[in-house]
Amino acid sequence: MWGGDRLDNYVEQLRKERGLNQEEFAKAIRVSRQTVSAIENGKYNPSLDLAFIISDFFGKTIEEIFIYKGGADK
Amino acid sequence: MKKSSLCLSIAITVVGIICLLIAIFTETVFDGLLWGFTGAFLGIGIASMVKFFYWASPKNGERYKEILEQQDIEVNDELNIIIRDKAGHLAYQFAYIAIVVSIMIFGFLGKAGMLTNHMIFVYYLIGLLVFLLITYVAAFNHFRKKIAG
């Protein structure tokens with residue numbers, strides 16, 4: 001529900017490349033700093049909406065930032 | 001800050017003053033209640049007015065905008081929304097359990113003769129339980145219909 005082990009992301013790496021701290025990045029994409037932290041730590045998977053906002057912010061596609069590791073629950 | 005906030009603050013203060021006047025000039029069984037209302041309405045009304053004038057001053061304008069923006073982010077943050085929903089659901093479940101336990105306790109105390117008119121409490125709690133259940137089911141069906149059609 002919160003996150004899952006099936007999704008990796010490069011949000012932290014991309015954020016650091018742009019010289020932003022979590023607070024600044026959170027403000028730019030209009031979420032709380034805790035949400036950014038949870039996404040970066042893999043504790044929370046963002047909604048599709050937010051995933052698009054993040055990919056838009058970094059000028060990349062969703063697939064370039066969020067990596068699906070596969071393996072749906074049975 | 002919005003002018004409507006000031007109007008609301010003034011209205012609340014006026015209600016507080018009315019309660020105060022009624023409490024002073026009349027003598028009823030509701031005196032205690034009226035004094036309570038007076039304190040609450042005057043306190044909230046005056047505090048809101050002070051807050052309005054503080055944030056309405058030009059030197060605090062920029063900071064107020066920032067605070068509002070941050071509040072907006074916190075309220076609409078998707079993780080916060082999920083956490084709020086989960087917390088609400090958990091609170092609902094605990095409330096349900098607490099009511100069932102209370103019904104059992106009141107029933108037991110009544111039967112043991114330690115409480116008179118215990119059935120009033122029991123019926124009230126059963127009513128509350130049914131109300132909670134109906135509200136939950138109705139809200140669930142409403143949202144499912146709205147989202148899934």
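A note on names: the letters A, B, ... follow the listed sequences, proteins ahead of strands, and every chain is numbered from 1.
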Phe58(A) atom CZ: more than 12 heavy-atom contacts under 6.0 Å:
yes
Exceeds 12 heavy-atom contacts within 6.0 angstrom, atom CZ of Phe57(A):
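Enclosed: over 12 neighbouring heavy atoms sit under 6.0 Å from CZ of Phe57(A).
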How long is the gap from CG on Asn45(A) to CG on Leu79(B), to the nearest 0.5 Å?
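One gets 11.0 Å once the value is rounded to the nearest 0.5 Å.
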Contacts table for residues 87-102 of chain B: side-chain donor-acceptor under 3.5 angstrom, sequence neighbours left out:
residue, atom, partner, partner atom, Å
His89(B), NE2, Gln93(B), NE2, 3.3
Ser102(B), OG, Ala98(B), O, 2.7

Verify same cluster id: [X], [Y] (apolar side-chain graph, 4.5 Å):
X	Y	result
Ile22(B)	Leu20(B)	no
Ile24(B)	Ile17(B)	yes
Ile12(B)	Val50(B)	no
Leu14(A)	Tyr44(A)	yes
Ile18(B)	Ile46(B)	no

Quick one: list whatever passes ring pair (Phe, Tyr, Trp, His ring centres under 6.0 Å) with Trp35(B), sequence neighbours left out.
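With sequence neighbours excluded, Trp35(B) shows a ring pair (Phe, Tyr, Trp, His ring centres under 6.0 Å) to no residue whatsoever.
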Would you mind telling me which of Arg30(A), Gln34(A), Arg33(A), Lys27(A) has the largest number of heavy-atom pairs within less than 4.5 Å of chain B?
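The option with the most such pairs is Arg30(A).
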If you tally heavy-atom pairs under 4.5 Å against chain B, which of Ala38(A), Ser32(A), Ser47(A) wins?
Ser32(A)
Sub-4.5 Å heavy-atom contacts with chain A: which residues of residues 54-74 of chain B show up?
Glu69(B), Asp72(B), Ile73(B), Glu74(B)
What are the residues of residues 107-129 of chain B, in order of number, with any heavy atom under 4.5 angstrom from a heavy atom of chain A?
none
